[in-house]
Each structure stands twice: as C-alpha cells, then as structure tokens.
Amino acid sequence: MPATHSETEKLSHAFEIKSGPVNLPLLKLLSTDVGAISAQLRQKIRQAPDFFRNAPMAIDVHSIAEAAGEIDFIALVRIMRDFGLTPVGLCGGHERHNQAAQVVGLSVLSLARHETPPPQAQPAETPKPKTPPEEMRSKIIEHPVRSGQRIYVAGGDLVVMSQVSAGAEIMADGNIHVYGTLRGRALAGVQGNLNCRIFCHDLQAELVSVGGHYKISENIDDSLRGVPVQIFLQDQSLIIKRL
Amino acid sequence: MARIIVVTSGKGGVGKTTTSAALAMGLALKGHRTAVIDFDVGLRNLDLIMGCERRVVYDFVNVINGEATLNQALIKDKRCDKLFILPASQTRDKESLTVEGVGKVLEDLSKDFEYIVCDSPAGIEKGATLAMYYADDAIVVTNPEVSSVRDSDRMLGILSSKSRRAELGDEPIKEYLLLTRYCPQRVKLGEMLSVEDVQDILSLHLLGVIPESKAVLTASNAGIPVILDDKSDAGQAFSDVVRRYLGEHVTHRFIELEKKGLFNRLFGG
C-alpha cells in the first residue's frame with residue numbers, strides 16, 4: 001500500500017503509524033490509448049504470470065503531457081484488475097488526472113523524487129522484485145564469463161554465479177563475488193576504493209587486484225588455489241585468506 | 001523453419017569441416033532435408049571432404065551477389081538425396097560475405113530445409129562471426145589440448161554476445177561440446193586433457209567424443225564423410241553424435257581405454 005505519513009506514536013498499543021518507504025511497481029504510461037496499454041500488458045503478463053498475480057501497482061503519468069487529453073481511468077483500472085493487478089494509486093498527474101483518478105478510487109501518491117525527466121528511478125520492488133531500483137548499480141551475472149569477455153560494474157558490486165574463464169576480465173568499483181571457478185582476472189575497487197574485497201569459491205585466477213594492488217598467478221600460494229578465499233588489503237598489502 | 005547449426009571452434013585444424021560433413025550427412029541419412037554451407041570463403045574445403053569438388057559451378061558468394069540462384073549453386077549429394085552442399089568461393093575473400101547477404105541465403109534455404117549446417121572458418125574474424133550470427137545451435141569442436149580449449153572458450157563468449165539471438169535478446173544459442181581427436185591412451189599417460197578436464201573448463205553439454213582415428217584422414221582423402229564408414233570408431237562416434245543431437249539418449253563411447261577381456265585376449269578380438 002502507499003506510504004503513510006505520521007509521527008511515531010508510542011501511546012497506543014494496538015498499532016503504530018509510521019512513515020516508511022514502500023516499493024511499488026509503477027505502470028508508467030507513455031500513451032493514453034487504453035487499447036494499446038491493454039495489449040502490451042497482456043503480453044508482459046504472459047511472460048511472468050506469477051510475478052504479476054495480485055501485484056499492487058501504481059499508475060505513473062509523469063510522461064503524459066497535460067494537453068495529451070483525458071485518460072480513461074475507469075477502463076484502465078478495469079483492465080488492470082482483469083489482468084489480476086491491483087491498481088492502488090496515481091502519481092505524477094496533473095490536477096485533472098488526480099480528480100479523475102480519485103473518482104475511480106485511486107489514491108493520489110506523491111513520489112519521493114524531485115523531477116520528472118530522469119529514468120524511472122524511484123520505486124520498484126514488491127515482495128517479488130523484477131526491476132530493481134536504478135540507484136542499485138550492482139550486477140549479477142548468471143552465465144559463464146568466457147575468455148576475451150570483459151565485464152565492468154561502475155559504482156557497484158559484481159556477482160558472478162558461474163565461472164570466469166582464463167582470459168576473461170571482471171572489474172567492479174565495489175566488491176566482486178564469484179561463485180564458480182575464477183580462472184581469469186578479477187579487479188575490485190578499480191576506482192581506488194581500498195576497502196573492497198574479492199570473494200571467490202574456487203581461486204585459480206590469473207590476476208587479482210584490490211584498489212590497484214595486485215597479485216599475479218605466480219605469486220599466489222599453491223595452498224590457496226582451488227579453495228574458497230577472500231582477498232582484501234591490509235596495510236597496503238594484498239591478503240588472500242581461506243574462507 | 002530450418003534449424004541453423006554452426007560448427008565452430010576458434011582454432012583451426014580441430015575437425016570443423018570433418019564434423020560439418022559428417023553431421024550433415026548423418027542428419028540427411030535420418031531423413032531430414034539438410035543443407036551444408038562452407039563459410040570458409042577463399043579456402044574452400046568442404047567440397048573436397050564431401051567429394052563433390054568436380055561438380056562446383058556456382059558458389060555461396062555468387063548467390064549472395066545475385067549472380068546465381070540458390071538452386072543453381074546447391075549441389076545434390078550423390079549418396080543421399082536429402083543432402084545439399086553450398087560450396088564456398090575459392091577466388092574471393094571473406095569480405096564478400098555480408099550480414100544481409102548471408103541472412104537472405106539462410107532465409108531462403110530455411111523454406112526448403114529442416115537443418116542448415118554452417119561450416120565456420122577458423123579464427124574469430126568476419127567469416128567465423130557471420131557463420132555463427134544466425135545460428136540456433138552451436139557445436140563447438142575442441143581438441144583435448146589447452147590452446148584449443150581456450151579458443152573454444154573465446155568462441156563461446158562471442159556466441160553469447162555477438163549472435164543475432166544475443167542482439168535481439170532471444171533465447172541464447174544452444175551450445176554443445178564435441179571433443180575430437182581424443183586418445184584415451186594418451187589421456188591415461190597424462191599427455192592429453194581428459195573429457196573431465198575439458199568439461200571443467202568449458203562447462204558445456206557434451207554432444208560426443210570422436211576418437212583419434214586413421215579412418216578420418218582416409219575418408220577425407222577419398223571425399224567420403226567419415227560417418228559413412230560405419231565400421232570405423234570415428235564413423236560410429238559421429239552416428240552417436242547425430243542421434244544425440246536429435247534427442248536420443250545414447251551412452252558415450254570411446255572415452256575409456258578399451259578393456260581387453262580374456263575372450264578378446266585369447267582370440268585377438
């Protein structure tokens with residue numbers, strides 16, 4: 001449900017009213033054509049029926065210009081319900097939109113963001129998230145990273161669920177996790193963050209580096225090869241420690 | 001729609017053309033209309049292995065340039081009427097191939113064929129990337145040695161990032177590993193990587209292991225796809241590969257050293 005605002009009340013025992021962020025998927029309208037919206041929704045929901053079942057969703061009309069004409073909220077809400085969604089509110093609307101939405105029982109929500117233009121930053125994630133918020137820059141790779149491939153995550157962590165082959169290079173401004181065998185190169189904290197770490201399930205790397213301090217394969221102790229380790233900096237030196 | 005299969009490896013000399021010829025013949029013998037295309041423009045070889053080099057009039061590049069129709073260029077195999085070969089041009093280079101041209105030929109072939117086997121050239125340049133661009137399935141041919149394995153790994157990276165399926169965000173290309181020139185004796189002596197070693201590095205679905213065999217060279221020189229030599233171990237191994245590709249469950253052979261039983265020892269089995 002939409003975020004509620006109030007002060008924390010300690011006096012009552014039956015409930016408390018608190019302000020808390022709630023992540024809600026947005027149906028960001030780019031058109032006022034309810035038919036087109038319906039067709040696209042059907043397609044989208046077919047791809048992940050379980051994800052959308054009973055999912056609460058807010059309608060975002062930021063991108064709809066005031067002059068674009070009326071939006072048929074009655075039809076839109078009906079279609080969303082028919083698809084098993086629970087429309088809960090409207091955001092980013094002009095006065096006229098807000099009034100029309102309230103008529104069909106949608107609350108008018110205000111988003112904790114300032115401007116319209118930036119990409120759908122803000123909310124996402126219901127209990128079963130699909131589109132993570134964009135501020136979260138970390139990346140999860142589920143397929144093998146093959147020789148010759150390079151992956152760089154700017155401003156976040158990199159998690160590889162599969163192997164990283166010899167001749168592949170993975171880099172992140174944050175930490176690196178590899179849950180398969182790490183045979184390629186892994187560079188954490190490439191922007192100079194010395195607190196980053198590399199975690200890997202099976203170390204056979206060609207090179208590992210944290211914040212620019214690196215070790216090549218030849219200088220990695222044999223006892224640390226093929227075992228789960230973490231790699232971090234301590235007093236300017238790179239420590240590889242068995243997990 | 002035809003299923004487009006690319007036979008690729010990165011490294012040269014590992015058995016791509018041998019595999020393409022055997023696979024195409026095997027699919028055709030199973031009753032599927034199959035076309036096999038030689039993408040190695042400038043180094044035409046498939047026609048030799050298929051034994052149709054004396055019947056080449058038009059080639060792949062002629063078709064792309066609109067100088068010949070597909071029907072004029074396709075060579076029907078004499079041994080199996082479901083199999084057709086589209087030879088490469090020997091006088092041009094890989095620059096003659098274009099994404100649109102290749103796409104058009106594959107689209108036209110898709111109308112009449114069930115399987116299209118693309119025999120990729122070595123390397124990761126234009127010929128090889130175009131051979132795999134439209135693929136639905138990829139058979140990565142690898143020899144049990146480190147450089148071949150690394151090149152295959154590189155090719156797999158390209159398959160997963162530069163194919164049409166990758167660009168459109170469709171279901172990725174199905175990748176299969178085919179280990180060729182395998183020699184259990186040398187694996188046992190530690191001179192060659194084992195199936196497990198290769199699987200450990202590539203983690204791919206193993207389509208088959210083709211043993212190192214004299215039959216392959218003999219067959220190539222004679223212009224007969226080795227799969228037709230059903231007495232040879234390599235021929236049988238390729239037959240297994242085709243059956244596995246078509247979804248049959250066939251136990252892997254030729255991986256272990258053959259144990260000579262008492263009976264065999266006595267009678268020289």
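Side-chain atoms are counted along with the backbone in the values below, which use heavy atoms only and exclude waters and symmetry mates. In the text below, chain A, chain B and the rest are named by the order of the sequence lines, each starting its count at 1.
Here CG of B:Leu156 is found 8.0 Å from OG of A:Ser165. Values are rounded to the nearest 0.5 Å. For the atom pair CD1 (B:Ile201) and OG1 (A:Thr181), the distance works out to 10.0 Å, reported to the nearest 0.5 Å.
Within a 6.0 Å sphere centred on NZ of B:Lys104, heavy atoms belonging to other residues, nucleotides or ligands number 12 at most. Around CD of B:Glu248, the count of heavy atoms belonging to other residues, nucleotides or ligands within 6.0 Å exceeds 12. More than 12 heavy atoms of other residues, nucleotides or ligands lie within 6.0 Å of CZ in A:Arg225, so this atom counts as buried by the packing criterion. In A:Tyr214, the OH atom is not crowded: 12 or fewer heavy atoms of neighbouring residues, nucleotides or ligands sit closer than 6.0 Å. Within 6.0 Å of the NE2 atom in B:His32, the count of heavy atoms belonging to other residues, nucleotides or ligands exceeds 12.
Across every non-hydrogen atom of A:Arg183 and B:Asp200, the tightest pair is NH2-OD2, 3.1 Å.
Only the side chain of B:Leu204 comes within contact range of chain A, with heavy atoms under 4.5 Å apart. If you measure heavy-atom distances from B:Leu202 to chain A, the contacts under 4.5 Å come from both the backbone and the side chain.
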Which side-chain N or O atoms in residues 76-86 of chain A pair as donor and acceptor under 3.5 Å with protein atoms at least two apart or in another chain?
none

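Looking only at distances, no side-chain donor or acceptor of B:Asp153 sits under 3.5 Å from a matching main-chain atom of A:Arg146.
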Check step by step if side-chain contact (heavy atoms from CB on, under 4.5 Å) holds for A:Gln149 and B:Ser160.
CA-CA 10 Å; A:Gln149 292 185 315; B:Ser160 63; 3.5 Å; yes

